[in-house]
Amino acid sequence: MDSLELNKNERRRILGSLQDWNMGITPQGKLAPESCFVHNAVPDILYKSNNDRFQTTFSSTRSEWSANLVQSNTLNPDDTETVKSLSICKAIFHPESVTSTANVIHLINHNLKACVMVNNIARLTKDFEDELTKAEEHWPHSPQKSWDQLCRIWNKYGFLWPQKVEIGFKTHHSFVNKSDLDIETIKQIVTVKGVTGRTKHPKKLFSYLENQPEASA
């Protein structure tokens with residue numbers, strides 16, 4: 001990925017067109033509704049040299065939390081820090097999460113254009129700092145009140161903070177896999193049926209898989 005040298009005004013214009021580049025991820029795996037940090041300087045933007053190519057990825061989830069992580073583009077099994085952070089988040093907020101019997105398959109086509117580097121954080125936003133101060137007021141005499149306030153803060157500003165934000169195009173299709181086919185078999189089916197890359201007929205693919213024989217108990 002090559003870095004394109006842009007002046008600050010141009011970078012501000014690009015960031016101004018994005019609605020959620022400075023948002024965190026809530027304990028539920030969703031994008032936080034409020035921004036949580038302020039940068040030391042206007043973030044660098046790194047452009048991908050070959051940005052016209054679409055890529056297709058598949059994933060399988062069995063819980064609402066993991067499905068939310070897929071939707072918010074938080075899951076990245078190849079990044080060690082991301083895996084560690086998600087493990088901590090799961091241990092704190094979802095220690096006994098019930099795994100759904102529904103096997104949801106996610107088919108994502110994405111075209112990465114650039115990355116915004118958001119790892120040069122100066123401070124929290126003023127509203128975030130004010131709410132943290134209120135949470136501290138209950139400690140140590142009312143730990144439950146302090147914890148409840150922190151949970152509200154994390155659901156508003158996020159518990160996980162991104163290191164970079166990807167810019168590009170994405171389509172996300174999901175369906176409940178009612179068959180006994182695993183994710184690797186589904187990938188093979190997609191390849192054979194010629195729908196890899198930018199899938200043109202995801203509904204036909206989903207119908208095909210959903211009408212496979214039911215898995216035996």
A.B. asks: Does the distance from a Lys or Arg side-chain N to an Asp or Glu carboxylate O, for Arg152 and Asp148, drop under 4.0 Å?
C.D. replies: no
A.B. asks: Checking Trp21 now: which residues fulfil ring pair (Phe, Tyr, Trp, His ring centres under 6.0 Å) with it, not counting sequence neighbours?
C.D. replies: His39
A.B. asks: Could you tell me whether a side-chain N or O of Arg123 sits under 3.5 Å from a main-chain N or O of Val38, the two making a donor and an acceptor?
C.D. replies: no
A.B. asks: What's the spacing between Phe169 CZ and Lys113 NZ if we round to 0.5 Å?
C.D. replies: 10.0 Å
A.B. asks: Partners of Trp147 by ring pair (Phe, Tyr, Trp, His ring centres under 6.0 Å), sequence neighbours excluded?
C.D. replies: Trp154
A.B. asks: Determine, using the 4.5 Å side-chain heavy-atom cutoff (strictly less than), whether Leu132 and Ile25 are members of one ILVMFWY cluster.
C.D. replies: yes
A.B. asks: If I compare all heavy atoms of His94 with all of Pro27, which pair ends up nearest, and what's the gap?
C.D. replies: NE2-O, 2.8 Å
A.B. asks: Verify the distance criterion only: is there a donor paired with an acceptor across the side chains of Ser63 and Ser66 at less than 3.5 Å?
C.D. replies: yes
A.B. asks: Is there a donor-acceptor pair under 3.5 Å between the side chain of Asn111 and the backbone N or O of Phe54?
C.D. replies: no
A.B. asks: Are His106 and His172 an aromatic pair, judged by ring center distance below 6.0 Å?
C.D. replies: yes
A.B. asks: Can we call the ring centroids of Phe37 and Tyr157 under 6.0 Å apart?
C.D. replies: no
A.B. asks: Is there a donor-acceptor pair closer than 3.5 Å between any side-chain N or O of Ser85 and the backbone N or O of Glu81?
C.D. replies: yes
A.B. asks: When you compare the side chains of Asn109 and Thr56, does any donor N or O come within less than 3.5 Å of an acceptor on the partner?
C.D. replies: yes
A.B. asks: Quick one: do Glu131 and Lys156 make a salt bridge, cutoff under 4.0 Å?
C.D. replies: yes
